[in-house]
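Proteins get letters first, then strands, A, B, ... in listed order; numbering begins at 1 in each.
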Number of protein chains: 2
Amino acid sequence: MYTIERHSEILNILEEKKSISVEKLSKMLYVSAPTIRRDLSLLESQGRVMRTHGGVVLKQAAEKEIPLMLREDQNSDSKKIIAKKATEFVRDGDVIFLDASSTVAHIVPYLKNFKDIIVVTNSPLISMKLGEEGIRNYCTGGLLLIHSVAYVGSEAERFVSTINADVLFFSSRGYEENGNITDSSVEEASIRKAMMKNSEKAYYLCDDSKKNKKYMYNICSFKDVTKIVTETE
Amino acid sequence: MYTIERHSEILNILEEKKSISVEKLSKMLYVSAPTIRRDLSLLESQGRVMRTHGGVVLKQAAEKEIPLMLREDQNSDSKKIIAKKATEFVRDGDVIFLDASSTVAHIVPYLKNFKDIIVVTNSPLISMKLGEEGIRNYCTGGLLLIHSVAYVGSEAERFVSTINADVLFFSSRGYEENGNITDSSVEEASIRKAMMKNSEKAYYLCDDSKKNKKYMYNICSFKDVTKIVTETE
DNA sequence: GCAAACTTTCGTATAATTTCGTAATTAGTG
DNA sequence: CACTAATTACGAAATTATACGAAAGTTTGC
């Protein structure tokens with residue numbers, strides 16, 4: 001067995017056992033302990049395992065730093081429910097628009113069950129999460145709107161206007177009983193309109209916390225939306 | 001048997017055995033070990049196999065290459081030094097291109113000392129880091145190249161071509177003594193060329209680990225670069 | 001055509017590097 | 001403090017990189 005084969009073998013073993021001692025690895029792989037330690041140092045420097053006195057533990061993908069935005073996410077549970085419901089409207093082969101909201105971000109994990117989908121989003125965060133799940137995706141690019149981690153502006157909208165999507169999932173800051181869907185930034189309202197214009201269907205994802213909140217900019221009205229997805233009925 | 005026939009024969013053998021020694025290949029194909037090694041270097045630079053001391057292993061598609069974004073990056077200290085040195089070439093008010101390399105990513109924290117700069121990058125990761133530092137930035141958008149967390153393709157290049165930048169900071173997988181700067185993916189090489197074309201100045205950031213590594217795709221040559229920034233002189 | 005100059009390919013020889021075990025020293029743990 | 005584990009140092013064996021030259025194939029100019 002070659003060195004790099006041994007490295008992936010160590011990872012395989014860890015995948016199964018989560019942690020193991022240097023001594024056991026040494027016996028299992030028929031090499032001396034110093035060799036195992038060298039291997040582990042390397043794997044540690046690559047950030048794949050964590051060494052401890054006497055052994056190693058697998059570094060879980062859990063402790064990644066990215067979801068900073070999503071961590072401080074409120075109503076995360078309802079959003080998850082809504083996201084799952086939304087996947088009902090996805091078909092294999094669809095071209096999907098996702099806006100840059102945290103609600104919509106929760107759809108990502110569910111999308112990997114579909115084949116040959118292409119996703120277009122204006123959120124770098126969602127784009128990267130899609131990438132992690134192995135989902136082919138395009139990002140619009142444009143000016144980064146910092147507080148909402150979204151690309152906006154003419155560049156972003158131009159990109160959107162070149163795509164013909166099957167479905168759009170979007171959210172917003174608030175909606176009113178009368179059907180007005182509103183947001184607090186022009187730029188974001190604008191790009192959502194652009195997405196809506198170029199998508200066959202548009203699903204509005206909203207949790208109850210958004211009810212009866214009115215912000216400065218109008219996105220659209222309930223009647224412009226194919227369906228509204230909520231946690232309740 | 002011609003050279004390229006030998007190459008595909010090596011791949012065939014590997015397909016079946018997954019890994020094999022240089023010595024065995026040498027005997028099976030009736031050529032000397034150095035010849036096999038040359039073949040393997042080539043196949044490796046094409047990303048089809050992984051060399052290891054004593055032999056080669058097939059690069060499984062499944063070979064879970066930890067995405068850049070989760071990988072703790074190596075040579076982080078030298079990269080930090082290089083990044084700091086690079087900031088010497090930034091002026092207030094500059095429009096700056098940053099490519100999607102981890103070396104270049106280390107520049108971000110130093111950029112917040114400059115006023116009125118605008119940064120354009122094809123990396124969602126760098127874009128978000130810039131955002132966190134409060135630096136005004138645009139991302140190119142385009143197709144997400146997963147393993148390097150970079151946007152590439154015609155959309156990304158089109159965006160770049162609309163920008164006139166003052167400086168570009170870029171890196172690559174490898175460079176040779178003779179001045180060739182190369183990378184392992186066409187797409188990434190291509191977008192770097194596009195950035196170079198539209199920037200007044202271009203600084204190549206390279207740490208010693210990249211020395212004398214040759215990959216399949218040419219980006220440019222030392223003479224096309226304004227200055228090379230290294231950890232040493 | 002044809003020969004000279006050039007390029008590509010490959011083997012040989014040698015220098016440099018990698019890998020890995022042993023042994024000695026240092027550090028960590030209960 | 002005793003015991004185990006980790007680090008460091010070092011040497012041996014194997015592998016690889018490099019330099020160089022020979023042979024075969026290509027290109028160029030006449």
Side-chain angles (χ1 to χ4, degrees), chain A residues 1-11 13-14 17-59, chain B residues 1-11 13-14 17-59 74-75 77-78 173-180 182 184 206-216 218 221 232:
Chain A
M1 183 181 313
Y2 298 111
T3 310
I4 58 171
E5 287 182 303
R6 197 177 55 238
H7 293 162
S8 43
E9 190 55 34
I10 290 173
L11 289 174
I13 291 169
L14 273 177
K17 309 208 174 196
K18 302 304 169 200
S19 73
I20 193 167
S21 71
V22 171
E23 194 189 1
K24 279 187 185 167
L25 279 176
S26 163
K27 280 180 181 159
M28 288 171 77
L29 300 170
Y30 307 102
V31 291
S32 70
T35 299
I36 293 294
R37 292 199 180 91
R38 277 185 281 255
D39 292 344
L40 297 181
S41 301
L42 185 86
L43 291 172
E44 186 179 43
S45 77
Q46 292 176 353
R48 302 164 77 133
V49 303
M50 288 168 58
R51 302 184 62 187
T52 64
H53 202 79
V56 255
V57 300
L58 185 64
K59 190 156 183 181
Chain B
M1 185 184 309
Y2 296 111
T3 309
I4 52 171
E5 287 181 302
R6 198 176 54 240
H7 293 164
S8 48
E9 189 55 32
I10 290 174
L11 289 174
I13 292 169
L14 271 178
K17 308 208 173 196
K18 303 305 171 200
S19 75
I20 193 168
S21 72
V22 170
E23 193 189 3
K24 279 186 185 167
L25 279 176
S26 161
K27 281 179 181 160
M28 289 170 76
L29 301 170
Y30 306 104
V31 291
S32 71
T35 300
I36 294 294
R37 292 198 182 93
R38 277 184 281 255
D39 293 343
L40 297 181
S41 302
L42 186 83
L43 291 172
E44 186 182 43
S45 75
Q46 292 176 356
R48 318 238 264 179
V49 303
M50 291 168 60
R51 299 187 64 188
T52 180
H53 208 80
V56 254
V57 304
L58 185 63
K59 191 155 184 181
Q74 294 175 311
N75 299 70
D77 289 341
S78 1
R173 285 293 201 83
Y175 73 94
E176 298 169 273
E177 296 273 21
N178 66 13
N180 273 343
T182 60
S184 59
C206 73
D207 53 285
D208 286 351
S209 70
K210 284 158 183 176
K211 193 171 177 178
N212 284 321
K213 294 203 174 155
K214 185 182 184 177
Y215 293 88
M216 196 169 182
N218 242 313
S221 165
T232 60

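Regarding B:I36, its CD1 atom lies at a distance of 13 Å from the C1' atom of C:dT9, rounded to whole Å. Rounded to whole angstrom, the span from the NE2 atom of A:H7 across to the C1' atom of C:dT19 amounts to 10 Å. When the P atom of C:dC20 is taken as reference, atom CD of A:E5 falls 12 Å away, rounded to whole Å. If you take OH of A:Y2 and P of C:dT19, they are 13 Å apart, rounded to a whole angstrom. Spacing between atom CG of B:D39 and atom C1' of C:dT9 amounts to 10 Å, rounded to whole angstrom units.
Looking only at side-chain heavy atoms (C-beta outward), B:S41 and B:R38 stay at 4.5 Å or farther from each other. Proximity of B:K18 to A:E5: side-chain heavy atoms (C-beta onward) are nowhere separated by under 4.5 Å. A heavy-atom distance below 4.5 Å is found between the side chains of A:R37 and A:R51.
OP1 or OP2 of C:dC20 lies within a sub-4.0 Å distance of a side-chain N or O belonging to A:R6. At the phosphate of C:dC10, neither OP1 nor OP2 sits under 4.0 Å from any side-chain N or O atom of B:T35. For the OP1/OP2 pair of C:dT8 and a distance below 4.0 Å, the side-chain nitrogens and oxygens of B:T3 include no atom meeting the criterion.
Each of B:M1 and A:M1 has a nearest nucleotide on DNA chain C; the 5'-most of these lies closest to B:M1.
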### Summary
A correct 5'-to-3' footprint of nucleotides 5-27 of chain D, with B, S and - meaning base, sugar-phosphate only and no protein heavy atom under 4.0 Å, is SBB-------SBS----------

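For the side-chain contact (heavy atoms from CB on, under 4.5 Å) with A:L14, the qualifying choice from A:V56, A:L40, A:L25, A:L43 is A:V56, the only one to do so.
At a threshold of 4.0 Å, the pair B:K27-B:E23 counts as salt-bridged, since one of the basic side-chain nitrogens sits closer than that to a carboxylate oxygen.
Shown here for B:D39 and B:R6, the closest heavy-atom pair between the two residues is OD2-NE, 2.5 Å.
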